[in-house]
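Heads up, the thing below is written out as structure tokens.
Positions are given from 1, in the same order as the sequence printed here. Counting starts at 1 for both ligands and their atoms, following the listed order.
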Amino acid sequence: MNILQVNSSARADGSHSTRLANTVVERVQRSLPEAGTLVVRDLGRQPHPELNETALQALFTPAEQRSAEQAARVALDDALIAELQAADVVVLGVPMYNFGVPAALKNWIDAIARAKVTFQYTANGPEGLLKGKKVYIVLTRGGQYRNTASDTQVPYLRTVLSFLGMTDLNFIYAEGLAMGPDAEQQALVSARQQIEEAMPA
Ligand SMILES: Cc1cc2nc3c(=O)[nH]c(=O)nc-3n(C[C@H](O)[C@H](O)[C@H](O)COP(=O)(O)O)c2cc1C
């Protein structure tokens, strides 16, 4: 059983999403009959480059015609795709930044979504190729937006992850983290309860 943890907080210390993602990983590991491998991809510490013109040109150049620089750029994305393909369980730590996902996480998504590798178009429409994975998504927010129109993160993540074939999505919310110490404590207790409830029996 392989676990991939992707952290996207810009904070090195004190990140609630990273801490709660750690809790999910520990809880998943405890539920496994035997120890699995864990890969931690920390996008705050090791930012992935954005999808710019240079990257697009590299991606659309046939492999055998790529310059060394282009091959190196594509290899960065290949590494993220390989990590994800190898994972049975994916744990995402996702802070809300200005009503969206962190740019660091968007760069990861732009890297892992690749035609004919992680999705393909068929006569019946698009087909995601990253199937059979259990995905836990820890959402941390200063305010409270669950089930409101202002929560663009959940519909976005649901759309793009299921497009890629990841349909077993478990969202864990820690909301109101900036609404005072009591609200913060309550949010963390609630998030830990949601983690327990999300675990397979
Ligand atoms: C740049 C920035 C933008 C933020 N934007 C929002 C926001 O739009 N809505 C919200 O509820 N909280 C917002 N917050 C609060 C964070 O979501 C909250 O602090 C969360 O705990 C961050 O995750 P982390 O603890 O893993 O770093 C923002 C925080 C930062 C630093």
Side-chain angles (χ1 to χ4, degrees), residues 2-31 38-52 76 79-80 83-84 87 89-113 133-162 164 166 168-199:
N2 299 323
I3 305 172
L4 171 64
Q5 176 179 351
V6 180
N7 302 325
S8 63
S9 174
R11 293 205 278 180
D13 297 309
S15 158
H16 289 301
S17 59
T18 300
R19 284 187 192 151
L20 289 167
N22 291 343
T23 304
V24 174
V25 168
E26 285 159 21
R27 194 57 195 78
V28 169
Q29 283 176 326
R30 258 198 286 143
S31 72
L38 171 64
V39 171
V40 180
R41 175 63 64 169
D42 192 325
L43 300 169
R45 306 287 70 69
Q46 198 188 350
H48 194 78
E50 66 177 328
L51 188 58
N52 57 14
L76 293 176
L80 299 193
E83 281 173 1
L84 189 53
V89 177
V90 181
V91 181
L92 305 180
V94 187
M96 180 180 275
Y97 285 165
N98 302 312
F99 294 97
V101 301
L105 184 67
K106 181 61 168 61
N107 288 343
W108 181 80
I109 290 169
D110 286 341
I112 59 156
K133 301 180 194 305
K134 201 159 187 64
V135 186
Y136 298 93
I137 301 142
V138 178
L139 303 160
T140 53
R141 289 128 181 230
Q144 294 176 326
Y145 300 103
R146 185 175 185 168
N147 295 331
T148 73
S150 301
D151 184 352
T152 60
Q153 289 183 307
V154 170
Y156 167 65
L157 289 170
R158 208 181 274 291
T159 299
V160 69
L161 296 175
S162 59
L164 298 175
M166 293 177 276
D168 187 353
L169 306 177
N170 300 269
F171 290 94
I172 292 142
Y173 298 76
E175 294 203 299
L177 292 167
M179 294 170 62
D182 289 350
E184 184 184 31
Q185 259 330 96
Q186 228 175 306
L188 298 174
V189 168
S190 164
R192 285 193 279 268
Q193 273 169 1
Q194 294 168 57
I195 291 170
E196 281 305 314
E197 284 160 15
M199 288 299 134

Inset, instruction - Please list, chain by chain and in numerical order, all residues satisfying ring pair (Phe, Tyr, Trp, His ring centres under 6.0 Å) with Tyr156, sequence neighbours excluded. - result: none
Which donor-acceptor pairs under 3.5 Å do side chains of residues 39-46 form with protein atoms, sequence neighbours excluded?
unit_1 : atom_1 : unit_2 : atom_2 : d
Arg41  : NE     : Glu83  : OE1    : 3.2
Arg41  : NE     : Glu83  : OE2    : 3.4
Arg41  : NH2    : Glu83  : OE2    : 2.7
Asp42  : OD1    : Gly44  : N      : 3.0
Asp42  : OD1    : Arg45  : N      : 3.2
Arg45  : NH1    : Arg11  : O      : 3.4
Arg45  : NH2    : Ala10  : O      : 3.1

Expected rows: ligand 1 N/O, protein N/O, dist below 3.5 Å:
unit_1   : atom_1 : unit_2 : atom_2 : d
ligand 1 : 5 (N)  : Met96  : O      : 3.4
ligand 1 : 5 (N)  : Asn98  : N      : 2.8
ligand 1 : 8 (O)  : Asn98  : N      : 3.2
ligand 1 : 8 (O)  : Phe99  : N      : 2.9
ligand 1 : 11 (O) : Gly142 : N      : 3.2
ligand 1 : 11 (O) : Gly143 : N      : 2.8
ligand 1 : 12 (N) : Gly142 : N      : 3.0
ligand 1 : 14 (N) : Met96  : O      : 3.3
ligand 1 : 17 (O) : Met96  : O      : 2.8
ligand 1 : 17 (O) : Thr140 : O      : 3.3
ligand 1 : 23 (O) : Thr140 : OG1    : 3.0
ligand 1 : 25 (O) : Arg11  : NH2    : 2.7
ligand 1 : 25 (O) : His16  : N      : 2.9
ligand 1 : 26 (O) : Ser15  : OG     : 2.7
ligand 1 : 26 (O) : His16  : N      : 3.4
ligand 1 : 26 (O) : Ser17  : N      : 2.9
ligand 1 : 26 (O) : Ser17  : OG     : 2.5
ligand 1 : 27 (O) : Ser9   : OG     : 2.7
ligand 1 : 27 (O) : Arg11  : NE     : 3.0

Legend entry - Sub-4.5 Å side-chain heavy-atom contact between Val138 and Thr23: no
Legend entry - Partner residues of Tyr145 under the ring pair (Phe, Tyr, Trp, His ring centres under 6.0 Å) criterion, sequence neighbours left out: Phe99
Inset, instruction - Give, for atom CE of Met166 and atom CG of Leu84, the distance between the pair rounded to the nearest 0.5 Å. - result: 5.0 Å
Legend entry - Separation of Asp13 CG from Thr18 OG1 (nearest 0.5 Å): 10.0 Å
